[in-house]
Structure formats: structure tokens, C-alpha cells
Amino acid sequence: MGNLSIVTIIIIAANVLISYKGFGDFGFFEKYKFNVGAIRRGEQIRMFSSGFLHVDVAHLVFNMFTLYIFANVVLAYLGNINFIIVYVGSLLLGNLLSLYFHKNEYYYSAVGASGAVMGVIYSAILLRPDLTIYLFLVVPIPAYIFGIAYLLYTIYGMKSRVGNIGHDAHFGGAIGGYVITLMLASWLFETHLTMIILLLIPIVLLFVLKKMNKI
């Protein structure tokens, strides 16, 4: 956590402005949210635009505060351009995974920057395995334990459809952050190989369960 960089400010500002437009303009919200039917009809812009819309102020604040906490770690190691690649790539991969899991549910809709933010979190954990996260802002927990546990919970959420949460977008975003960071920082294979393997476990588990038709 630290001072806001110009890149983080721009991303947060874009989320705030577009989300607030959506709060007060139902037509705008409906036009740009993630919706399987509309995307399959050719409205691919929704794969990107939905990542800047939020359901309400609490949803927006939670995502932007989480981004603020982890952004500087990724920026410090990868720089501005690569941070944007991680953010946007995670956003798109999150929505691609949602589309993959819900491709036959034409009514399925979602919004939020959670996929992109999860990508930033997973990237930060790879880059700084010694990070500590304060659960509920009080309980200290190693970041890698949080990352693995959260993805395992996300698999459970995808399987049981717990709550009105886009679990698959969160998981896809984490995969995006994981893969893109390793592509941009291949030196991690020499310095943090154990962490790379640990963080890969829930990702492999998801696709094994999918192959077995358990999800």
C-alpha cells in the first residue's frame, strides 16, 4: 500500500465515472454489461466495458480499495505498461472464462472489475510471496495462503453457485494475472518456483474438475 500512481488513478477514475453513469442510466448499464446472449450476437465490447461497471457503490468501493492495496507492488516490479497489460488481460480472461462456463446460458449477466483486480492480486503474490494480507483488516495471513484459499473457495462457489457473485470471472482474472506475470517476469521461475507451483494447484484443480464434469 502506498501513494497512488497516475496509472492507478486513471483506472480508478475510469471505474468511478463509468460506474456512476451506469448507476443513473439503466439503458447505459444494460448496453455495456456482460451478457452471454448479447456477446454471442456479436457485441464483444461488453467483454471489456462490463469490467468498469458495478452494481452499487459498495461493490465499486470494495474493488477500488483492493486495487489500491495491491497495485503498487505490481507497478514497482513490472512498470506502468506491463501493469496495464496485467489489468486488462486479467479483465478479459476473467470474462472469457465466464463466457466458457456460461456459454449456453443466454440470460447470464455480470459486471465489475473483480476479475481484473484478482489478476493484480495474483500478480502481486507471485512477485512478493512474503506479502501479508490483513483479513477483515485485522487478521494477518500470508498472501499466498489467501490466494490459494480464495481460489479453492471460488471453485466451490462455481460448483454450488453460491451467492450473486461472478466466481468464474474472479478465477479467470487470477489465471490472467498468473500467466501474464510469468510471461512478463520469467525470472520468477528461478527465484519463486515453489510459489509458482503452489499457486498453480487450484488452477489445475479447476480444469480437472471441469474435465470430469464436476463443475
Side-chain angles (χ1 to χ4, degrees), residues 1-12 15 51 61-94 97 112-158 165-208:
M1 190 185 299
N3 296 327
L4 283 169
S5 75
I6 185 64
V7 172
T8 310
I9 291 171
I10 290 170
I11 290 174
I12 291 175
N15 273 276
V61 169
F62 179 80
N63 275 337
M64 294 304 99
F65 179 69
T66 306
L67 176 64
Y68 163 69
I69 291 173
F70 290 96
N72 279 356
V73 175
V74 182
L75 283 161
Y77 281 87
L78 300 184
N80 291 344
I81 299 300
N82 287 339
F83 175 83
I84 293 171
I85 292 171
V86 169
Y87 186 90
V88 174
S90 298
L91 188 163
L92 294 174
L93 280 168
L97 195 69
S114 300
V117 173
M118 275 302 302
V120 172
I121 291 173
Y122 236 57
S123 179
I125 293 170
L126 276 172
L127 293 164
R128 281 282 309 277
D130 60 326
L131 277 177
T132 297
I133 291 175
Y134 286 87
L135 200 60
F136 308 117
L137 302 179
V138 176
V139 183
I141 180 173
Y144 73 92
I145 296 294
F146 169 82
I148 293 169
Y150 187 82
L151 287 195
L152 291 175
Y153 166 75
T154 300
I155 291 174
Y156 168 74
M158 293 169 69
I165 300 171
H167 294 288
D168 27 36
H170 294 186
F171 206 107
I175 294 174
Y178 181 87
V179 172
I180 296 169
T181 300
L182 291 178
M183 291 173 64
L184 296 173
S186 58
W187 49 267
L188 289 171
F189 286 101
E190 297 179 9
T191 59
H192 300 326
L193 183 58
T194 301
M195 189 58 54
I196 290 171
I197 295 170
L198 284 173
L199 293 174
L200 182 61
I201 291 171
I203 296 173
V204 171
L205 177 61
L206 173 71
F207 288 101
V208 169

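In this text, all values refer to a predicted model and were calculated from it rather than measured experimentally.
- To the nearest 0.5 Å, the span separating CD1 on I11 from CZ on F83 amounts to 4.5 Å.
- Of all non-hydrogen atoms in I155 and P202, the two that sit nearest each other are CD1-O, 3.5 Å.
- Atom CD1 in I180 sits 11.5 Å away from atom CG in L126 (nearest 0.5 Å).
- Between the CG atom in N82 and the CG atom in L184 there is a gap of 4.5 Å [rounded to 0.5 Å].
- Between L205 and L152, some side-chain heavy-atom pair lies under the 4.5 Å cut-off.
- A distance of 10.0 Å separates OG1 in T132 from OH in Y144, rounded to the nearest 0.5 Å.
- Counting all heavy atoms, side chain and backbone alike, I141 lies closest to F146 at CD1-N, 4.2 Å.
- Panel note: side chain Y122, backbone L199; a donor-acceptor pair is recorded below 3.5 Å.
- With values rounded to the nearest 0.5 angstrom, L67 atom CG is found 9.5 Å from N72 atom CG.
- Considering CD1 of I201 and CG of L206, their distance stands at 14.0 Å, rounded to 0.5 Å.
- Closest heavy-atom contact between V138 and Y134: O-CD2, 3.6 Å.
- Using bins of under 30°, 30° to 60° and over 60° for the plane-to-plane angle, the ring pair Y150/H170 lands in the parallel bin.
- Nearest heavy-atom pair, I84 versus V7, reported as atom, atom and distance to 0.1 Å: CG1-CG1, 3.8 Å.
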Go through the steps to decide whether N15 and N63 satisfy the test side-chain contact (heavy atoms from CB on, under 4.5 Å), and finish with yes or no. CA-CA 10 Å; N15 273 276; N63 275 337; over 6 Å; no
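- In this structure, P129 and L198 have side chains that are not in contact, with every pair of non-hydrogen atoms separated by 4.5 Å or more.
- A distance-only check finds a donor-acceptor pair linking the side chain of S90 to the backbone of G177 [under 3.5 Å].
- Heavy-atom contacts from other residues, nucleotides or ligands closer than 6.0 Å to CG of L193 number more than 12.
- Looking only at side-chain heavy atoms (C-beta outward), L78 and L127 come within less than 4.5 Å of each other.
- Counting heavy atoms from C-beta outward, L188 and Y77 have side chains that stay 4.5 Å or more apart.
- For the pair I133/F70, a side-chain contact is recorded, criterion being any heavy-atom separation below 4.5 Å from C-beta on.
- Side-chain contact between I121 and I125: present, with at least one pair of heavy atoms (C-beta onward) separated by less than 4.5 Å.
- When all heavy atoms of S5 and L75 are compared, the closest pair comes out as OG-CD1, 3.1 Å.
- Scanning both residues, L93 and G172, for their nearest heavy atoms gives CB-O, 3.7 Å.
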